[in-house]
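This report refers to the structure that appears directly beneath it.
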Amino acid sequence: MSLAIDGTHDPALQSWVESANDTGSDFPIQNLPFGRFRGEDDADWRIGVAIGDQVLDLRAAKVIDSCDMNRLMRLLPEVRRSVRQAISEGLRVGSTQQNTFKAALRPQSEVELGLPCQIGDYTDFYTSVHHATTIGKQLRPDNPLLPNYKWIPIGYHGRASSIVPSGQSFRRPIGQTKAADQAVPSLGPCRRLDYELEIGVLIGRPNVLGESIAMASAEDHVFGVGLFNDWSARDIQAWEYQPLGPFLSKNFASTLSPWMVTVDALAPFRAPFSRPEGDPEPLDYLQSTANREQGAFNIELEVWLQTERMRQEGHPGERISQSNYRDAYWTVAQLVAHHTVNGCNLRAGDLFGSGTLSGPNPEQGGSLMELSVGGKQPLHLTNGETRSWLEDGDSIVLRGYCQQEGFRRIGFGECRGTVLPAAVSERKAP
Ligand code: CA
């Protein structure tokens with residue numbers, strides 16, 4: 001596990017990039033998350049590291065000689081850590097490389113931030129037992145949690161082509177739905193559009209097809225994590241999901257934040273993995289001492305909603321829920337070990353969604369389906385508006401940060417997406 005706390009985490013470190021020293025900045029010198037950016041004149045993406053309100057062009061700073069993020073993600077953990085060390089040293093107050101690095105800085109506000117890497121295969125898990133139980137209760141009041149839940153990290157293979165960068169809008173999907181009182185289904189715009197608060201885990205080092213990854217080395221294969229919104233069409237989902245799981249209700253858009261916070265940066269923010277008393281211990285291939293002691297990540301998560309009206313009135317939006325990744329039922333290492341136990345090969349740039357991260361309390365639901373109890377109890381916003389489901393013009397912004405006594409707070413930036421009206425109201429057969 002990447003639990004090494006070193007000089008790059010020293011809370012006393014200050015950068016000559018002044019904005020990085022603001023206590024409210026998500027990107028102090030202790031963070032150094034990786035992403036891809038391009039300026040107006042750039043034909044291709046460049047690899048950058050966020051520092052304060054700037055982005056450091058790693059090739060221009062002579063830290064690396066490539067613009068291929070997926071290649072960089074494949075680095076051995078010790079090489080990756082040496083790159084982190086070099087960036088940290090160059091950005092520190094008093095660095096001899098200040099002039100070279102300074103020439104490689106661009107204001108984040110003046111560049112386009114893209115997807116952090118080329119996304120390969122995408123798998124979505126279901127790791128919040130609180131989410132699984134609340135949703136299960138709506139579907140099966142007497143039997144909310146299916147018997148495999150506490151033994152298998154449940155997941156399905158999703159679609160990578162429709163994963164979009166933060167800031168990009170998407171159209172309300174059209175699909176086939178059937179209400180309980182309808183005899184036959186109909187086609188039309190989704191009426192129960194929802195978001196899902198998730199962590200996105202980005203795979204770095206690949207494994208060979210046929211060879212599984214053990215718990216002990218699982219995190220060596222993880223490059224970093226970001227914020228992920230798995231937009232969901234609940235009415236389409238309800239009609240299509242049995243027996244093979246979600247399909248068109250999930251693959252019209254998913255939004256990923258631009259910055260990958262590395263597992264190295266997250267070393268001070270680890271937490272024990274434990275289960276409630278009476279729950280079964282996982283099978284051996286999903287257990288390790290390191291996982292029990294520090295397998296979880298202490299990441300505070302927030303969901304903000306900005307309606308069209310709020311935007312027009314200059315209102316920044318309202319926080320509608322909070323949870324913590326620490327409360328997930330399965331850890332990142334367990335997801336890697338389980339995904340590969342059959343020999344399935346992971347590749348650099350593969351993405352795991354954690355599944356909706358809801359906390360233990362009802363107001364900590366990570367989706368509207370939970371907060372509005374399946375649409376039955378609309379959410380009351382402070383400006384008088386209500387929401388059971390997302391409306392056209394609504395923006396959802398996910399935020400995340402880590403704080404721990406004795407360390408500098410680090411953040412994830414934001415993961416933002418806005419709902420546009422459906423492309424057409426109805427499509428009729430010719
Ligand atoms: Ca999901």
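All values reported here derive from a predicted model rather than from experimental measurement. We're numbering straight along the sequence, starting at 1. One-based numbering, in listed order, for ligands and for the atoms of each. Excluded from the calculations below are hydrogen atoms, water molecules and symmetry mates; all remaining heavy atoms, backbone and side chain alike, are included.
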Atom name in D124, limited to N/O/S, at shortest distance from the Ca ion (ligand 1): OD2
Apex the Ca ion (ligand 1) - arms OE2 from E198 and OD2 from D230 - angle rounded to 10°: 100°
Close side-chain approach of I396 to C415, heavy-atom, < 4.5 Å: no
H130 side chain to Y329 side chain, donor-acceptor N/O pair below 3.5 angstrom: no
Side-chain heavy atoms of R46 within contact of R36, under 4.5 Å: no
Atom of E196 closest to the Ca ion (ligand 1), considering N, O or S atoms: OE1
Cation-pi geometry met for R270 and F297 (6.0 Å, 45°): yes
